[in-house]
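What follows is one structure encoded as structure tokens, with my remarks underneath.
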Amino acid sequence: MIPHERSLVKKLENEPFALIGVNSDNRERYDSEIEEMGVTWRSFMQDTTSGPIPTKWNVTGWPTIYIIDAKGVIRYKNLRDSDEDKAMEEAVMQLLAEMKKEGASE
Amino acid sequence: MMFDPLSFAALAAMAPPPAAMVWMLPAVATQDEAAKALQDVEAVVAKYQAEEEEFSKKYRAATTDEEREKLFAGGTPNPSKYFAELQTLAEKHRKTEAAARAASWVISMAGRGGGADESAWALEMMLTDFIDTDHIASVPQMCSSLNTRNIGILERIRTESDNERAQALAAYFRGNQLLTSGKAARELAEPGSTGDQYLQYEIDSIDDELKETLKTSDPDKLTKSGESLLEECMKKYADVEIYPGRGMKVGPKAEGALFEARNLQIGDMSPDIEGVDAEGITFKLSDYRGQVVVLDFWGFW
């Protein structure tokens, strides 16, 4: 998961795209891994899987992913393709293309 | 005529019966016998646990994929081969701790797949002998996945048990089942309409009988029943722990399930999140409006 997220963030660094995390590691673990794993994206820090954000969003499995379009609408959740990394990338590319198309027609 | 075993035992201990009468004595569960029975059950469970321990030791020792594959090909520990032995013990010592331990263990292991037929007695015993005891409280979670059998079990515990924790958990898991039923009914009537890929896995594991019923059910009605059951959970059972010792309570879990049903479906406007990043800076999810956002609940672990 993490290597793919890293390459997606890198690949789309000049696009209107953001990967936002909700991280449930304890702080020590997070700090010790972040550099080595090349994590560059921003996260809401929760410290535990039972933090307020995963609890409110009813997250029971990790990772859980929501894909939200430029207007703020939830477009995908629970992508569980046989290749979920690929499914995530395709969904993002489709939403970016949709956004450009709408921008051009306005 | 009903015998009260304890008073009979006490009487028997005070005045030993004449030798000729001994054969007439009913089997009496003394405390020693009950403790011994529980030990016997634990010994069977320990046999399986030793097998599991042995297997994971070998798994950890394996260094290549090939070695691991070979290990799995040789067979994984199978709990169901102990079910018959536990059934014999449980039936010999009905309504004791030993029986409850044997039956709950069998149910929990059958839930991992395999031995479903050999485990039917265990569920029946829990529902018949232990419906009003603390022991029944472990059953709802083990019967939480959506199928005809589990709906019956959860409804029976929810409406018949006197045990508050069991009622709470049966209501909580039944509420979640109903929400899933609502989504599944919509998806079955109009494939692709919910856009939730994980739902497809849940639908695949529903039995045909229930699937047929869901096809002709009103999705909104199912969702509403689920919501009202979860609302009831929040009111009546907020402080009941779902997994004892892990601090997860029915109230916030039911609230989360309701929030997801009402605000986190595909096509819903994403709720905002406000929190603090690793640098200690407060930010919002809506700061990224105008961009495509992957919101990723993650961790290294």
Side-chain angles (χ1 to χ4, degrees), chain A residues 1-2 5 8 12 15-25 27 29-34 37 39 41-46 49-50 52-81 87-88 91-92 95-96 99, chain B residues 176 179 183 194-202 230 242-243 246-249 251-301:
Chain A
M1 224 31 212
I2 290 168
E5 283 155 343
L8 190 67
L12 299 176
E15 298 287 336
F17 167 77
L19 193 148
I20 301 294
V22 179
N23 180 276
S24 285
D25 290 303
R27 195 52 202 262
R29 183 73 206 268
Y30 180 88
D31 288 340
S32 71
E33 296 266 8
I34 181 164
M37 296 299 287
V39 171
W41 58 87
R42 199 176 191 187
S43 287
F44 294 104
M45 302 304 283
Q46 293 294 286
T49 51
S50 53
I53 303 171
T55 301
K56 185 173 179 189
W57 282 57
N58 201 33
V59 173
T60 51
W62 278 263
T64 283
I65 284 180
Y66 281 85
I67 304 182
I68 302 165
D69 71 16
K71 295 184 184 120
V73 176
I74 295 170
R75 297 290 295 275
Y76 297 89
K77 71 186 271 193
N78 294 331
L79 286 173
R80 300 287 163 109
D81 211 277
M88 176 165 87
V92 169
L95 293 181
L96 284 171
M99 190 181 162
Chain B
N176 274 302
L179 292 182
K183 283 191 281 181
T194 61
D196 183 337
Q197 293 189 8
Y198 181 64
L199 181 62
Q200 201 52 53
Y201 286 78
E202 291 186 285
L230 289 166
I242 298 186
Y243 311 105
R246 286 208 265 154
M248 219 182 280
K249 291 182 174 171
K253 288 297 289 175
E255 193 177 356
L258 279 167
F259 185 77
E260 185 182 1
R262 290 169 174 162
N263 302 292
L264 298 175
Q265 300 304 309
I266 303 221
D268 288 344
M269 198 67 189
S270 166
D272 205 0
I273 295 176
E274 184 173 319
V276 175
D277 70 11
E279 316 297 322
I281 298 164
T282 300
F283 74 113
K284 290 180 177 176
L285 181 61
S286 58
D287 295 343
Y288 295 86
R289 190 65 49 82
Q291 303 183 37
V292 174
V293 173
V294 167
L295 181 68
D296 184 358
F297 291 82
W298 72 290
F300 293 110
W301 292 288

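Since we're looking at a predicted model, the values are computed, not measured. All chains are named by letter (A, B, ...) in the order of the sequence lines, taking the proteins before the strands, and each is independently numbered beginning at 1.
In this structure, Ile53(A) and Glu274(B) approach most closely via the heavy-atom pair CD1-O, 4.5 Å. Closest approach of Pro16(A) to Gly290(B), counting heavy atoms only: CB-O, 4.2 Å.
Only the backbone of Asp69(A) comes within contact range of chain B, with at least one heavy atom under 4.5 Å from a heavy atom of that chain. At a 4.5 Å heavy-atom cutoff, Leu258(B) makes no contact with chain A through either its backbone or its side chain. Contacts of Lys71(A) with chain B are made by backbone atoms alone, with heavy-atom separations under 4.5 Å and no side-chain atom involved. Interface residue Gln265(B): backbone and side-chain heavy atoms are both found under 4.5 Å from chain A. Proximity to chain B (any heavy atom under 4.5 Å) is shown, for Ser43(A), by both the backbone and the side chain. Interface remark: Met45(A) contributes backbone and side-chain atoms alike to the contact with chain B (heavy atom separation under 4.5 Å). Only the backbone of Val276(B) has a heavy atom closer than 4.5 Å to any heavy atom of chain A. Proximity to chain A is limited to the side chain of Tyr288(B), based on heavy atoms less than 4.5 angstrom apart.
Between chain B and the options Leu8(A), Asp31(A), Thr49(A), Asp25(A), the largest number of non-hydrogen pairs under 4.5 Å is found for Asp25(A). With chain B as partner, the option from Ile34(A), Leu95(A), Val73(A) having the largest number of non-hydrogen pairs under 4.5 angstrom is Val73(A). Per-residue heavy-atom pair counts under 4.5 Å with chain B were compared for Gln46(A), Arg27(A), Met99(A), and the maximum is reached by Arg27(A). For the options Glu33(A), Lys56(A), Arg42(A), heavy-atom pairs under 4.5 Å to chain B are most numerous at Arg42(A). Of the listed residues Thr55(A), Val59(A), Val22(A), the one with more heavy-atom pairs under 4.5 angstrom with chain B than any other is Val22(A). Of the listed residues (Trp41(A), Tyr30(A), Trp62(A)), the greatest number of heavy-atom pairs within a distance under 4.5 Å of chain B belongs to Trp62(A).
Applying the side chain to side chain donor-acceptor pair (under 3.5 Å) rule to pairs touching residues 251-262 of chain B yields Asn58(A)-Glu260(B), Lys77(A)-Glu260(B), Glu227(B)-Arg262(B), Glu231(B)-Arg262(B), sequence neighbours excluded.
Residues meeting the salt bridge (charged side-chain N to carboxylate O under 4.0 Å, His left out) test with Lys284(B), sequence neighbours left out: none.
Using a 4.5 Å cut-off on side-chain heavy atoms (C-beta onward), Asn23(A) and Trp298(B) make contact. Put simply, the side chain of Trp57(A) reaches to within 4.5 Å of the side chain of Pro271(B), judged on heavy atoms. Counting only heavy atoms from C-beta outward, the side chains of Ile273(B) and Ile20(A) never approach each other to under 4.5 Å.
Between Phe297(B) and Tyr66(A), the two ring planes are perpendicular [angle over 60°; tilted spans 30° to 60°].
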Query - Test side chain to side chain contact (heavy atoms under 4.5 Å, CB included) applied to Val292(B) and Leu12(A), step by step - result: CA-CA 11 Å; Val292(B) 174; Leu12(A) 299 176; over 6 Å; no
